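To start, the structure itself, in structure tokens.
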2 protein chains.
Amino acid sequence: MRLTANKIAGILRQHGYRLTPQRHAVLKAIASSQDCVNPAEICTRVRQEYPTIGMATIYRSIKMLADLSLVCRVNPDSRSRNYLMRRSMSHHHHLVCSQCGRTIDFTHCDLSQLEKRLTRETGFIIEGHILEIYGRCPECCAASPVPNPR
Amino acid sequence: MRLTANKIAGILRQHGYRLTPQRHAVLKAIASSQDCVNPAEICTRVRQEYPTIGMATIYRSIKMLADLSLVCRVNPDSRSRNYLMRRSMSHHHHLVCSQCGRTIDFTHCDLSQLEKRLTRETGFIIEGHILEIYGRCPECCAASPVPNPR
DNA sequence: GTGTAAATGATATTAATTCTCAGTTAGGGT
DNA sequence: ACCCTAACTGAGAATTAATATCATTTACAC
């Protein structure tokens, strides 16, 4: 299932949220970015079209979108939180460029064999997994042969 | 390769670090825990044997241990950082109980096929991956059949 | 032992996020 | 089209996590 602006508006209303112009602007700011963005970056973008928005509203909007699973949190090691609009509602993971932050979705992580093995060996009931693969995108490889790790 | 206290002391010295009693206490606090611990928890434990230690020293010790790859960062979604003493120096991942925090190491994540496919399809040069599997350990399953997600 | 670079602890600072609360507003009901 | 009210917002304060500063102390090579 692919997400469109209309669908998102519907999802908000279904869950009893109001579709305010602020929320719409935050949504647009995240959706219009190919790479993951943190709250400060979202703020900068949103203020171009909605200069009076406060940080609290940005954070609250992000939280709402995260609660509805409309955004993913990416790059959990970094200091501030990075979010990415979900491009698909199905199970997927991210391939993240460690230099420019560009992300690509991928499916078929194929961990079910591994999870079965772990259940057998440890008795854990598996609930889920975090998987993120990082590397350098073709553009960054072409731009500088010597990587500049962040 | 398994890590022992002696080996760790040697690793510190090899890298030009001094083995101070504070560092030793931090090391012990992390190593003596089966589950992952955050800086505040480490502080509480360390102060039982070394009451005058300051938070700055805790953070510096953790950073040193992380730089030497002697501790792993676990559960990246939580607000504060959680660390776990490395029980093995080889490539491995963690199976974490979402209820009690107990962790089990596992190897053979077998992502090389996936990574090859992604390189072929996207042109990314893969540098590494984050993988963490979570579930409920046998003890927690036995204790309460209805999970209590955190 | 001595000297010195490294380490410590107290404190200040920075940065990210959350809280509070008075005023505003989306959107259902009329 | 206009109310009404619960939901929402923005400003600023508060909280929390982590890092920086700096005078004092200490591990350890000599």
Side-chain angles (χ1 to χ4, degrees), chain A residues 5-6 8-30 36-68 71 73-83 150, chain B residues 6 8-30 36-44 46-68 70-71 73-83:
Chain A
N6 277 345
I8 290 170
I11 293 170
L12 293 205
R13 293 224 185 77
Q14 271 166 38
H15 288 82
Y17 293 107
R18 293 180 180 170
L19 186 56
T20 67
Q22 290 93 333
R23 283 174 180 172
H24 195 255
V26 171
L27 200 56
K28 242 177 70 182
I30 305 177
C36 50
V37 282
N38 60 36
E41 288 163 349
I42 294 170
C43 184
T44 305
R45 283 158 190 256
V46 171
R47 284 197 174 151
Q48 284 169 15
E49 98 168 41
Y50 206 102
T52 58
I53 199 169
M55 271 312 274
T57 300
I58 307 252
Y59 276 104
R60 282 184 290 233
S61 299
I62 293 171
K63 187 178 184 322
M64 179 198 69
L65 294 171
D67 287 347
L68 294 175
V71 292
R73 185 157 169 205
V74 196
N75 191 358
D77 277 340
S78 73
R79 180 157 188 183
S80 71
R81 299 185 183 171
N82 289 275
Y83 296 91
R150 62 169 168 185
Chain B
N6 277 345
I8 288 169
I11 292 170
L12 292 205
R13 293 225 185 75
Q14 272 167 38
H15 288 82
Y17 293 107
R18 293 179 182 171
L19 187 56
T20 66
Q22 290 92 335
R23 284 175 180 173
H24 195 254
V26 171
L27 202 54
K28 241 177 69 182
I30 304 177
C36 49
V37 281
N38 62 33
E41 288 163 348
I42 294 170
C43 184
T44 305
V46 171
R47 284 197 174 147
Q48 285 169 13
E49 95 168 44
Y50 207 103
T52 58
I53 199 168
M55 269 315 272
T57 300
I58 309 253
Y59 277 107
R60 282 183 292 233
S61 300
I62 293 171
K63 186 179 186 318
M64 179 197 68
L65 294 171
D67 287 347
L68 295 174
L70 292 171
V71 292
R73 186 156 168 206
V74 196
N75 192 358
D77 276 341
S78 73
R79 181 159 186 183
S80 71
R81 300 183 182 172
N82 289 275
Y83 296 91

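The structure presented is a predicted model; accordingly, all values stated were derived computationally and were not measured. Every chain is numbered from 1, with letters handed out A, B, ... down the list of sequences.
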| message | Can you give me the bend angle of the helix from dG1(C)-dC30(D) to dT30(C)-dA1(D)? Use the axis through the first five pairs and the one through the last five, nearest 10 degrees. | response | 40°
| said: Just the rounded figure in Å: distance from C1' of dT17(C) to CD1 of Ile42(A). | reply: 13 Å
Would you list the atom pairs, donor with acceptor, under 3.5 Å between side chains in residues 44-51 of chain A and any protein atom, with sequence neighbours excluded?
| from | atom 1 | to | atom 2 | distance (Å) |
| --- | --- | --- | --- | --- |
| Thr44(A) | OG1 | Ala40(A) | O | 3.1 |
| Arg47(A) | NE | Ile53(A) | O | 3.0 |
| Arg47(A) | NH2 | Ile53(A) | O | 2.8 |
| Glu49(A) | OE1 | Lys28(A) | NZ | 3.0 |
| Tyr50(A) | OH | Gln22(A) | NE2 | 3.2 |

| Distance (rounded to the nearest 0.5 Å) between Leu70(B) CG and Tyr83(B) OH | 13.5 Å
| Are side-chain heavy atoms of Leu12(A) and Met64(A) found at a separation under 4.5 Å? | yes
| Roughly how far apart are Ile8(A) CD1 and Leu27(A) CG, rounded to 0.5 Å? | 4.5 Å
| field | Gap between atom CG of Leu65(A) and atom CD1 of Ile30(A) - 0.5 Å precision | value | 5.5 Å
| request: Look up atom OH in Tyr17(B) and atom CZ in Arg60(B), then write down how far apart they are to the nearest 0.5 Å. | output: 12.5 Å
| query | Hey, is the main chain of Pro39(A) close enough, under 3.5 Å, to the side chain of Arg81(A) for a donor-acceptor pair? | reply | no
| Atom NE2 of His15(B) and atom C1' of dA7(C): how far apart are they, to the nearest Å? | 18 Å
| note | For nucleotides 17-30 of chain D, 5' to 3', base contacts (B), sugar-phosphate-only contacts (S) and non-contacts (-) with protein non-hydrogen atoms under 4.0 Å give SBBBB----BBS--
| Rounding to a whole Å, what distance do you find between Met64(A):CE and dT18(C):P? | 15 Å
| Expressed in angstrom and rounded to an integer, what is the separation of Leu12(B) atom CG from dA5(C) atom P? | 21 Å
